[in-house]
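Reading through the structure tokens given below for one structure.
Indexing begins at 1, ligand by ligand and atom by atom, following the structure's order.
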Amino acid sequence: MIIKTPSKNAAHEHEVTDQAVYQGRRKVLKQLGYTGALALLSQSAQANPFKWFSDDDTPTFKRNPLSFEKSDALINPMTQEGVATSYNNFFEFGTSKNDPVENAQGFVVNPWQLEVTGMVENPIKLDYDDLLKRFPLQERIYRLRCVEAWSMVIPWIGFELGALIKAANPLGSAKYVIFETLNDPAQMPGQRSRFVGGGIDYPYVEGLRLDEAYHPLAIMSVGMYGQTLPPQNGAPIRLVVPWKYGFKSIKSVVKIRLSDKRPKTTWELLAPNEYGFYANVNPEVDHPRWSQARERRILGSKLSEQRRIDTMMFNGYDEVASLYSSLDLRSNY
Ligand code: MTE
């Protein structure tokens, strides 16, 4: 599917967002008493906020080309690959933006199994290779809008989440889909220490309503920029839900469980008044500590390659609006 971008999104403004905005979540940790997480920002990162784009971050993880149906439209200028793969949130590997690329290179993603279980008629457990054989891959160029008010445009490769769920044949009573990241403290330093991992109780858990999960825009991604996912972006398989804040797009998924009960998700548990279950991108509902009306679009590492733009309702993916026609989006943030 080709996702077209409304022209208003093409507006270019060569401004730079205050760094304090995207460091805001570390303030939550501080409020919650996790002062150690703040100390994790290295001296150089504090002195130079663009350290995470430095040339030393040379990934050593081997990525392979993927065969996929290529999309034929470019929406917005895309974010440079080197930036999308070195400025990351993956708290299992540390809370600074450059921690994942530095700490995840030895991450073992083969063998990997993903199970779909719970309220289904046909529980399945698939190897990574089975997944690639069973579900034809497509390219989807999506905007990724983080709750911290920065955004990127990324060419993902993946398949529709709905196809995977249908393969397990959910029971009629199933209403929610719950996702879990690998729990492997031996490999993930953030799972060994509450300070390194931002005080999260791992494994990282996310969830969607079943009808949201069936929306064709929701994909399981196995690659980006024509190749397999690097570990810092959630190798070997992650969720991408482009109309929701980035924290819903859970990485390195090992388990998908169907349930009739809404789960408590990771960020909802950590700060329920700040991060809700729905987390739909919404410029009219501010985060309690910052505005969500605008965002800093990151295209490259130079200041001239970052611009402040208006945030769009549902991140511009209006086709999902009917999922929420009977929901108050202010109280269901
Ligand atoms: N998944 C796990 N397991 N752990 C995380 O810390 N961070 C989330 C999301 N998925 C996160 C995660 C957040 S806050 C964002 S913005 C996106 O991943 C960032 O994805 P990217 O690093 O590929 O841009």
Inset, instruction - Decide yes or no for V285 and L329: does some side-chain heavy atom of the first lie under 4.5 Å from some side-chain heavy atom of the second? - result: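 Side chain of V285 against side chain of L329, heavy atoms only: no contact under 4.5 Å found.
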Inset, instruction - Decide yes or no for Y204 and F91: does some side-chain heavy atom of the first lie under 4.5 Å from some side-chain heavy atom of the second? - result: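 No. Closest side-chain heavy atoms not under 4.5 Å.
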Inset, instruction - Inspect the contact between R140 and E160 and indicate whether a charged nitrogen and a carboxylate oxygen are less than 4.0 angstrom apart. - result: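 Counted as a salt bridge, because a side-chain N and a carboxylate O are separated by less than 4.0 Å.
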Inset, instruction - May I ask you to check whether Y87 has an N/O atom sitting below 3.5 Å from an N/O atom of ligand 1? - result: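 The answer is no, given that Y87 and ligand 1 share no N or O pair closer than 3.5 Å.
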Inset, instruction - Could you say whether the N/O atoms of W150 and ligand 1 ever approach to under 3.5 Å? - result: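 N/O-N/O distance below 3.5 Å does not exist for this pair.
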Legend entry - Side chains of Q232 and E102, donor plus acceptor under 3.5 Å: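 Judged by distance alone, the side chains do not pair up.
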Go through ligand 1 atom by atom and flag the ones less than 4.0 Å from a non-hydrogen atom of [X].
X	answer
C146	16 (S)
R238	17 (C), 18 (O), 20 (O), 21 (P), 23 (O)
I250	1 (N), 10 (N)
N233	21 (P), 23 (O)
L144	24 (O)
T181	3 (N)
F90	2 (C), 3 (N), 4 (N), 5 (C), 6 (O)

Inset, instruction - Run the contact test for M152 against ligand 1 with a 4.0 Å cut-off on heavy atoms, strictly below, and give the result. - result: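 Outside the 4.0 Å threshold, so no.
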Legend entry - Proximity flag S249 to ligand 1, non-hydrogen atoms under 4.0 Å: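 Judged by the 4.0 Å heavy-atom criterion, S249 does count as contacting ligand 1.
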Inset, instruction - Please collect all salt bridge (charged side-chain N to carboxylate O under 4.0 Å, His left out) contacts where either partner lies in residues 246-263, sequence neighbours excluded, each pair once. - result: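 Listed once each, the pairs are E206-K248, R262-E268.
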Inset, instruction - Identify the two heavy atoms, one from P230 and one from M224, that lie closest to each other, and give their separation to 0.1 Å. - result: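 Result for this residue pair: CD-SD, 3.7 Å.
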Legend entry - Nearest atoms (heavy-atom pairs only) where L323 meets R209: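 Heavy-atom minimum between the residues: O-NH2, 2.7 Å.
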Kindly assign one of parallel, tilted or perpendicular to the pair [X] and [Y], based on the angle between their ring planes and the thresholds 30° and 60°.
X	Y	result
F90	F93	perpendicular
F314	Y324	parallel
F247	Y275	perpendicular

Which is it for [X] and ligand 1 at heavy atoms under 4.0 Å: side chain, backbone, both or neither?
X	result
N89	both
E92	side chain
I154	neither

Legend entry - Shortest heavy-atom approach to atom 12 (C) of ligand 1 - which of W267, W156, F91, Y204: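 That would be Y204.
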